[in-house]
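To keep things clear, I will list the structure first and then write my remarks on it.
If you read the sequence from its start, that first residue is 1, and numbering goes on from there. Owing to the predicted nature of the structure, the values given are computational and were not obtained by experimental measurement.
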Amino acid sequence: MPKRDVEYVLDTFTDVVTQELVNNSEVVLAGFGAFSSRTRKGRIVPNPRKLEEKITVQAVKVAKFKPGKALKDTLKGKREARGFRFSHS
C-alpha cells in the first residue's frame with residue numbers, strides 16, 4: 001500500500017476515534033481493544049512547588065484503552081501475532 005494511502009487511513013481512523021470519544025461513545029476493534037473516554041474527577045492535591053500549599057485540579061476528560069483478549073494473549077505469547085511483520089533495529 002502506498003505511503004499516502006496509509007497516511008489517509010490512519011488520519012481517518014484517528015479522526016473518527018477522536019470524534020467518537022468527544023461524543024462519549026466507545027470505539028471497539030474486535031480482538032484488539034476498545035477506546036473510550038471518561039471524566040477524571042477534580043481533586044485537591046499538594047502543590048509540587050510548595051508542598052505545604054494545596055491546589056485544586058479541575059475535572060478533565062481522558063481517553064482510555066482496554067486491550068482485547070486476542071491482543072493480551074498475543075503479548076503473553078499464548079497466540080501467534082497475525083498480519084504484517086516489521087523488523088525494528
Side-chain angles (χ1 to χ4, degrees):
M1 182 180 287
K3 182 179 178 180
R4 70 178 179 277
D5 292 345
V6 172
E7 288 175 349
Y8 175 77
V9 169
L10 290 176
D11 286 345
T12 302
F13 173 76
T14 56
D15 290 346
V16 169
V17 170
T18 301
Q19 191 58 50
E20 291 301 310
L21 296 182
V22 166
N23 295 330
N24 294 320
S25 296
E26 183 177 60
V27 178
V28 178
L29 301 173
F32 184 74
F35 297 90
S36 61
S37 63
R38 69 177 187 86
T39 301
R40 187 183 303 152
K41 293 182 192 175
R43 59 200 184 282
I44 298 173
V45 298
N47 182 342
R49 294 184 182 167
K50 296 181 182 178
L51 294 177
E52 64 277 356
E53 281 184 21
K54 300 290 183 187
I55 58 173
T56 301
V57 175
Q58 299 297 319
V60 63
K61 190 181 245 187
V62 295
K64 184 178 164 193
F65 176 74
K66 181 179 179 189
K69 182 171 179 6
L71 177 59
K72 288 193 268 186
D73 287 349
T74 301
L75 294 174
K76 290 178 184 176
K78 295 180 179 179
R79 177 184 191 140
E80 172 105 13
R82 298 185 323 204
F84 293 105
R85 301 273 186 238
F86 296 100
S87 61
H88 297 277
S89 50

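- The two residues Ala70 and Gly31 make their nearest non-hydrogen contact at CB-O, 3.2 Å.
- Residues Val9 and Val17 are members of separate hydrophobic clusters, defined by side-chain heavy-atom contacts under 4.5 angstrom among Ile, Leu, Val, Met, Phe, Trp and Tyr.
- Placement of Leu10 and Met1 within a single hydrophobic cluster is found when ILVMFWY residues are connected by side-chain heavy-atom separations under 4.5 Å, directly or transitively.
- With rounding to the nearest 0.5 angstrom, the CZ atom of Phe65 is 7.5 Å from the CG atom of Leu29.
- Residues passing the ring-ring contact (aromatic ring centres under 6.0 Å, His included) test with Phe13, sequence neighbours excluded: none.
- Sorted by first then second residue, the salt bridge (Lys or Arg N to Asp or Glu O under 4.0 Å) pairs that include residues 40-52, not counting sequence neighbours, are Lys50-Glu53.
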Without placing hydrogens or testing angles, list every side-chain donor-acceptor pair under 3.5 Å for residues 20-27, not counting sequence neighbours.
residue	atom	partner	partner atom	Å
Glu20	OE1	Ser25	OG	3.3
Asn23	ND2	Gln19	O	3.2
Asn24	OD1	Lys61	NZ	2.9

- Would you sort out whether Leu71 and Leu75 count as a side-chain contact (heavy atoms from CB on, under 4.5 Å), showing the intermediate values? CA-CA 6 Å; Leu71 177 59; Leu75 294 174; 4.2 Å; yes
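- Here the closest heavy-atom approach between residue Pro46 and residue Lys54 is recorded as CG-NZ, 4.0 Å.
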